[in-house]
Q: 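Here it is: the structure, laid out below.
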There are 2 protein chains.
Amino acid sequence: MSKERFGLAVAQMGPIHLNDSRESTVARLMEMMREAAGRGAKLVVFPELALTTFFPRYWMSEEDAEARFFEPSMPSPATQPLFDLALSLGIGFYLGYAERTENGRHFNTSILVDEHAKIVGRYRKIHLPGHSDHKPEAPFQHLEKKFFEVGNEGFGVWPMLGTTIGQCICNDRRWPETFRVMSLQSAQMVVLGYNTPSWNIHWKEPAHLRMFHHLLSLQANAYQNALWIGAAAKCGAEDGFHMIGGSAIVAPSGEIVAQSQSEEDEVIFVSCDMALGDNFRQHIFNFAKHRRPEHYGLITERTGAGEPLVRGTTS
Amino acid sequence: MSKERFGLAVAQMGPIHLNDSRESTVARLMEMMREAAGRGAKLVVFPELALTTFFPRYWMSEEDAEARFFEPSMPSPATQPLFDLALSLGIGFYLGYAERTENGRHFNTSILVDEHAKIVGRYRKIHLPGHSDHKPEAPFQHLEKKFFEVGNEGFGVWPMLGTTIGQCICNDRRWPETFRVMSLQSAQMVVLGYNTPSWNIHWKEPAHLRMFHHLLSLQANAYQNALWIGAAAKCGAEDGFHMIGGSAIVAPSGEIVAQSQSEEDEVIFVSCDMALGDNFRQHIFNFAKHRRPEHYGLITERTGAGEPLVRGTTS
C-alpha cells in the first residue's frame with residue numbers, strides 16, 4: 001500500500017450572531033486557517049453559510065435577506081483577506097456562503113479553492129430542506145426553500161491538490177445519491193459544511209437522534225463509496241438558537257478518525273492515508289464488477305414513492 | 001400517531017455443517033418458527049441459504065454443487081413440513097435457499113411466504129460478491145459468482161401481512177441502491193438473510209470491521225429510507241469456517257432495537273410501531289418534495305467509476 005498522505009483539516013465554527021460583522025467572522029476563519037496550515041493541512045473545510053448567522057431560521061422578505069446575508073461576488077472585499085492568506089500559506093479551502101448571481105438568482109453555495117487561491121469548483125445545494133411558508137407557531141423557521149433555488153449544476157468532482165475532491169452541503173449528506181454520483185466520478189474525498197438545528201420543528205424527534213443521524217450518514221456514505229469525508233459544523237447557540245456540533249473526519253472504512261470536542265471554533269486534523277480506500281474500491285465496492293444499474297432504474301424514474309412494480313409469483 | 005404494531009421475529013441460525021441433513025436443518029427452523037409465533041410474530045426471517053452450509057466457500061464443479069446444495073422445487077419434500085407448520089400457526093416467513101429453475105438455471109434466492117403458506121414474493125440475489133476463479137492460496141473461497149447467475153427479477157416489494165415488505169440478500173445490504181429501489185415502491189419493511197465470513201480473503205481487513213460494516217449498512221439504509229429492517233445471520237463456525245452473527249432488527253430511526261447475543265440458533269423479536277417511519281417519510285425524507293432525480297443520472301448511466309464530468313469554474 002502506498003503511504004501517500006493528505007493533510008485534511010476541518011474548521012468548526014461556534015455561533016455567528018446577527019450583529020457580528022463579516023470582517024470579524026472572516027478574522028475567525030483566518031485564525032483557523034493559520035492553525036490548519038501549521039498542522040500540515042493541504043485543505044481546510046469551513047461550514048455552510050460560514051459568513052453569517054444561519055438566517056433561514058428567520059421569516060423576512062427575499063429582499064431583506066439578500067441585502068443582509070448574500071454575497072454578490074466571491075471573493076468580496078470582506079473575504080479577500082482569506083484568499084490572500086490562503087495564497088501565502090499555500091493551502092486550499094472549502095467555504096459555504098449565500099450566493100447572489102449577476103442575474104439576481106439565489107443559491108446556497110460552496111466553493112473549492114486551490115493552493116493558488118483560485119476557485120476551481122462551485123457547488124449549489126441540491127437537497128434544500130425545510131419549507132417556504134411562514135410557520136408562526138414554530139419556535140424558528142427553516143426557510144431554505146424560500147430563500148434559495150435548487151442547485152442547477154449537479155454534483156461535481158474536481159482534480160485538485162493531488163487527489164479528486166467532491167463537495168456538498170448539509171442536508172445533502174443524508175441522501176445516498178449525493179455521494180454515489182460523486183464516487184462514480186472517482187471522488188476520493190468529499191467535503192461539506194452544515195448548520196443543523198438541535199431541534200426538529202416538524203415532530204417530537206428525540207434530541208439525541210440529530211447527532212446520531214449526522215454521524216450515521218457520514219459513516220455509511222464514506223464506507224459505501226470508499227471516501228474520505230470531512231464535515232464542518234457551525235454550531236452552538238446563535239442568538240439563542242442551538243445547532244449541533246460533531247464536526248468529523250471519517251475514513252473510507254466508515255470509522256470516525258477525528259471529531260470535534262466543543263461547540264466553538266475548533267480545528268480538527270487528520271493525515272489521511274489516501275490509499276486506504278483502494279482496498280474497498282478494488283474488492284467489496286468494485287463498482288465495475290458488482291454494480292447492476294439495470295436494476296436501479298426507479299432511482300431516476302421516480303421522484304416520490306409509488307406503487308410496487310407488479311411481479312409474478314411462483315406457483 | 002397510529003399505534004399499529006407488527007410483530008417481527010428474526011431467527012438466527014448457528015452453523016450448518018456439511019454432514020447435516022436437510023431434515024435436521026428444517027427441524028431447527030420449525031423450532032424457531034414455533035418460538036416466533038409464540039412471541040406474537042406475524043413474520044419470521046430466516047437466513048440466506050438457510051437449508052445448507054454456506055457452500056460457495058468450497059471449490060467444486062457446478063454439477064456437484066447442484067446435486068448437493070440446490071433445491072429444484074419449493075416447497076420440497078424436505079421443506080414441506082415448514083410450510084405446513086407456518087399454515088397451522090398463521091405466520092409468514094422469509095427463507096433463503098439455492099434455487100435450481102426448471103431450465104437448470106442457478107440463483108441465490110429468497111422467498112416471502114404469507115400467513116396462508118403461499119409464496120407471494122421471490123427475489124434472486126443481484127449483488128453477488130466474491131469471484132468465479134479458484135484461489136487455492138486463500139483459506140477459503142467465495143464463489144458466488146461461479147455458482148449463481150445475477151438475479152433477473154429486480155428488487156421487489158409485496159403487499160402482505162397488512163404492510164408492504166421488500167426483500168434482499170446478504171451483500172445487497174451494503175448497496176444503497178438496493179433499499180432506495182424498494183422504498184421508491186413504498187416498502188415499509190425490508191427483510192434479509194446473510195452469511196458473512198469473519199475474515200476477508202482479499203486484504204488484511206481489521207476483523208472488527210466486518211460487524212461494524214454490517215450494522216452500519218443496516219442502520220443507514222433503515223434511516224435513509226424510513227424502513228424497518230430485519231436481518232438474519234447464519235453464523236458461527238461451519239466445519240471450522242467462522243461467520244459473524246449480529247442478527248438485528250433496526251427501526252426507521254436507524255437505531256438497533258434488537259440484536260442477537262449468540263452465534264447459535266436464536267430468535268429475536270420486536271413489536272414494531274409501523275407508524276414510526278411516517279415522521280421521516282413526511283418530513284426529512286419526503287421524497288416527492290426533496291429528491292432531485294435530474295441530478296442522479298450517473299447512478300444508472302455508469303456502472304464503474306469514471307472521469308469527473310467537466311464543469312465550468314467561476315472566474
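In what follows, chains carry the letters A, B, and so on, assigned in the order in which the sequence lines appear, proteins first and then strands, with residues in each chain numbered from 1.
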Q: B:Q80: what forms a side chain to side chain contact (heavy atoms under 4.5 Å, CB included) with it, not counting sequence neighbours?
A: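 Scan of B:Q80 (side chain to side chain contact (heavy atoms under 4.5 Å, CB included), adjacent residues dropped) gives B:P75, B:F83, B:D84.
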Q: Under the criterion side-chain contact (heavy atoms from CB on, under 4.5 Å), I'd like the reasoning laid out for A:L216 against B:L216: C-alpha separation, chi angles, the key distance, then a yes or no.
A: CA-CA 7 Å; A:L216 176 64; B:L216 177 63; 3.7 Å; yes
Q: Which pair of non-hydrogen atoms, one from A:S186 and one from B:G306, has the smallest distance, and what is that distance?
A: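 Between these two residues, the closest heavy atoms are OG-O, 2.7 Å.
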Q: Are there residues of residues 168-175 of chain B whose heavy atoms fall under 4.5 Å of chain A's heavy atoms? If so, which?
A: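 Result: B:N171, B:R173, B:R174, B:W175.
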Q: Measure the acute angle between the ring planes of B:Y223 and A:H213, then classify it against the limits of 30° and 60° as parallel, tilted or perpendicular.
A: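 Judged by the thresholds at 30° and 60°, the geometry between B:Y223 and A:H213 is parallel.
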Q: How far apart are the closest heavy atoms of A:T303 and B:P293, and which atoms are they?
A: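 The answer is OG1-CG, 3.4 Å.
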Q: Among A:R291, A:E307, A:K204, A:Q282, who wins on heavy-atom pairs under 4.5 Å with chain B?
A: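 Most heavy-atom pairs under 4.5 Å with chain B: A:R291.
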Q: Answer with side chain, backbone, both or neither: which region of B:H142 has an atom nearer than 4.5 Å to a non-hydrogen atom of chain A?
A: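 Neither part; nothing is under 4.5 Å.
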Q: Run the side chain to side chain contact (heavy atoms under 4.5 Å, CB included) test against A:K135 and tell me which residues pass, sequence neighbours left out.
A: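 For A:K135 the side chain to side chain contact (heavy atoms under 4.5 Å, CB included) partners, ignoring immediate neighbours, are A:H131, A:D133, A:E137, A:A138, A:Q141, A:H202.
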Q: Can you tell me which portion of B:L209 sits under 4.5 Å from chain A's heavy atoms? Options are side chain, backbone, both or neither.
A: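 It is the side chain, since no backbone atom gets that close.
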Q: For each of A:L112, A:T178, A:I126, tally heavy-atom pairs with chain B at distances under 4.5 Å, and name the one with the top tally.
A: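 It is A:I126.
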Q: Can you tell me how far apart NE2 (A:H290) and CG (B:L128) are? Round to the nearest 0.5 Å.
A: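 Answer for the NE2-CG pair, A:H290 versus B:L128, is 9.5 Å.
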Q: Could you look at A:K289 and say if it's the side chain, the backbone, both or neither that has a heavy atom under 4.5 Å from chain B?
A: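 When you check distances to chain B, atoms from both the backbone and side chain of A:K289 fall under 4.5 Å.
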Q: From B:Y296 OH over to A:I299 CD1, what is the distance, rounded to the nearest 0.5 angstrom?
A: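 CD1 of A:I299 is found 10.0 Å from OH of B:Y296.
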Q: For B:L184 versus A:G304, what's the shortest heavy-atom pair and its separation?
A: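 Minimum heavy-atom separation between B:L184 and A:G304: CD2-O, 3.7 Å.
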Q: Report the option among A:S253, A:G151, A:P129, A:G130 that has the most heavy-atom pairs separated by less than 4.5 Å from atoms of chain B.
A: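 Most heavy-atom pairs within the cutoff with chain B belong to A:S253.
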Q: side-chain contact (heavy atoms from CB on, under 4.5 Å) between A:E255 and B:F212: does it pass, once the steps are laid out?
A: CA-CA 9 Å; A:E255 294 172 296; B:F212 171 61; 4.0 Å; yes
Q: Can you tell me if A:H283 uses its side chain to pair, donor with acceptor, with the backbone of B:N200 under 3.5 Å?
A: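 Absent.
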Q: Quick one: side chain to side chain contact (heavy atoms under 4.5 Å, CB included) partners of A:P176, sequence neighbours excluded?
A: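 A:P176: side chain to side chain contact (heavy atoms under 4.5 Å, CB included) contacts with A:N221, B:P176, B:R180, B:Q224.
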Q: Please classify the contact between B:S183 and chain A as side chain, backbone, both or neither, with a heavy-atom cut-off of under 4.5 Å.
A: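 Contact with chain A involves the backbone of B:S183 alone.
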Q: Taking every heavy-atom pair that is under 4.5 Å apart, which of A:E301, A:Q185, A:R302 has the most such pairs with chain B?
A: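 Most pairs with chain B among the choices: A:Q185.
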Q: Measuring from atom CG of A:N152 to atom CZ of B:R292, what distance do you get when rounded to the nearest 0.5 angstrom?
A: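 Reported value, rounded in 0.5 Å steps: 12.0 Å.
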